[in-house]
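The structure appears below as structure tokens.
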Amino acid sequence: MLIVSTVLFWGLEVGSWADWFGAVGTILAVIVAVLAPYYVNRPKVKTSQGSDYYTPSITLRNLRVKALNVGRVPIKITDLGFNIGNTGQHFGVQENISEYLQQNDDVEGNIKAADVIISLTDKFPNQKMFVLVPYARSSQGKYYKGKPLKYSRKQMDKDLDAILALVAQ
């Protein structure tokens with residue numbers, strides 16, 4: 001003997017439980033089919049920063065910004081630079097590059113540390129801590145940001161004195 005239960009909605013019979021599970025499964029399958037191409041085929045860029053130092057005195061020389069395409073879709077990078085905290089201001093490390101990055105390709109730009117330090121201390125003379133956020137901008141205008149770099153005014157002054165002493169030699 002086979003017992004089939006039906007679902008009642010406001011006193012009306014609206015089908016069996018199997019019909020409802022089938023309908024919900026179909027709706028979920030359609031949602032996944034529609035959204036999957038968006039998540040799989042979109043550009044993904046990982047942005048990072050680095051530093052170069054003179055040795056043996058360990059003097060800061062350059063700040064670097066690197067953009068790596070970690071997605072499947074090729075992407076055109078047009079600018080690399082640093083955002084200055086939440087001020088909305090930025091300075092470019094490399095602008096108008098027009099570099100197409102295939103999967104796992106990267107592009108890197110350098111800026112002299114002395115230029116960064118002088119620019120920041122001139123623009124923000126009373127600020128004690130700076131947050132530099134590396135970015136890469138694509139040809140579509142999307143910004144890919146990296147991990148913030150915190151830089152104290154005291155350390156900046158120390159690095160600038162060391163750079164100037166090294167240049168004077």
Side-chain angles (χ1 to χ4, degrees), residues 30-169:
V30 168
I31 290 171
V32 168
V34 168
L35 294 180
Y38 170 74
Y39 286 105
V40 172
N41 293 325
R42 66 180 175 162
K44 298 174 189 148
V45 175
K46 182 179 177 185
T47 306
S48 60
Q49 85 274 346
S51 307
D52 295 331
Y53 289 90
Y54 287 115
T55 54
S57 62
I58 309 193
T59 304
L60 182 63
R61 182 177 64 167
N62 290 326
L63 293 175
R64 281 181 311 211
V65 177
K66 179 179 174 182
L68 171 68
N69 184 1
V70 293
R72 293 184 190 176
V73 179
I75 187 168
K76 183 178 181 183
I77 298 295
T78 58
D79 299 319
L80 295 172
F82 285 98
N83 285 332
I84 305 169
N86 294 329
T87 63
Q89 297 183 11
H90 67 273
F91 54 92
V93 172
Q94 212 169 346
E95 296 175 337
N96 302 321
I97 8 181
S98 296
E99 179 104 18
Y100 277 99
L101 300 180
Q102 298 296 329
Q103 186 175 10
N104 295 323
D105 282 349
D106 65 359
V107 63
E108 189 173 300
N110 294 313
I111 188 168
K112 292 182 188 225
D115 294 343
V116 173
I117 294 168
I118 291 169
S119 174
L120 288 175
T121 54
D122 285 348
K123 283 184 180 180
F124 307 101
N126 298 325
Q127 195 159 344
K128 300 212 184 294
M129 179 66 76
F130 295 94
V131 178
L132 302 177
V133 182
Y135 72 85
R137 188 170 66 111
S138 71
S139 58
Q140 291 88 18
K142 178 158 170 67
Y143 282 86
Y144 298 93
K145 296 179 182 178
K147 184 178 176 183
L149 168 69
K150 293 184 179 179
Y151 206 19
S152 73
R153 177 63 177 257
K154 186 177 179 181
Q155 184 63 42
M156 278 186 166
D157 292 340
K158 207 169 160 185
D159 285 340
L160 186 59
D161 290 343
I163 292 168
L164 296 176
L166 191 64
V167 171
Q169 291 178 355

When rounded to the nearest 0.5 Å, the distance separating NZ of K147 from CD of Q49 is 8.0 Å
Count the heavy atoms belonging to other residues, nucleotides or ligands that lie under 6.0 Å from NZ of K44, then report whether that count exceeds 12.
-> yes
How long is the span from the CG atom in L149 to the OG atom in S48, to the nearest 0.5 Å?
-> 11.5 Å
Side-chain atoms of residues 68-79: list all donor-acceptor pairs with protein atoms under 3.5 Å, sequence neighbours left out, distances to 0.1 Å.
from: N69; atom 1: OD1; to: G71; atom 2: N; distance (Å): 3.0
from: N69; atom 1: ND2; to: V73; atom 2: O; distance (Å): 3.0
from: N69; atom 1: ND2; to: L101; atom 2: O; distance (Å): 3.0
from: N69; atom 1: ND2; to: Q102; atom 2: O; distance (Å): 3.3
from: T78; atom 1: OG1; to: R137; atom 2: O; distance (Å): 3.1
from: D79; atom 1: OD1; to: N96; atom 2: N; distance (Å): 3.0
from: D79; atom 1: OD2; to: R137; atom 2: NE; distance (Å): 2.8
from: D79; atom 1: OD2; to: R137; atom 2: NH2; distance (Å): 2.5

For K150, enumerate each residue passing the side-chain contact (heavy atoms from CB on, under 4.5 Å) test, keeping only those at least two apart in sequence or located in another chain.
-> M129, V131
Residues in side-chain contact (heavy atoms from CB on, under 4.5 Å) with N83, at least two apart?
-> H90, V133, Y135, K145
Partner residues of K142 under the side-chain contact (heavy atoms from CB on, under 4.5 Å) criterion, sequence neighbours left out | S138, Y144
For residues 116-126, dump all side-chain donor-acceptor pairs below 3.5 Å to protein atoms at least two apart in sequence or in another chain.
from: T121; atom 1: OG1; to: I117; atom 2: O; distance (Å): 2.8
from: T121; atom 1: OG1; to: I118; atom 2: O; distance (Å): 3.2

Pairwise side-chain contact, V65 with E108, heavy-atom cut-off 4.5 Å (strictly under) = no
Looking only at non-hydrogen atoms, find the nearest pair between A67 and L80 and report the distance.
-> CB-CD2, 3.9 Å
ring-ring contact (aromatic ring centres under 6.0 Å, His included) pairs, two or more places apart, involving residues 66-85 = F82-F91
Report the C-alpha separation of Q155 and D159 in whole Å, then their side-chain angles, then the decisive distance to 0.1 Å, and conclude whether the side-chain contact (heavy atoms from CB on, under 4.5 Å) test is met.
-> CA-CA 6 Å; Q155 184 63 42; D159 285 340; 3.1 Å; yes
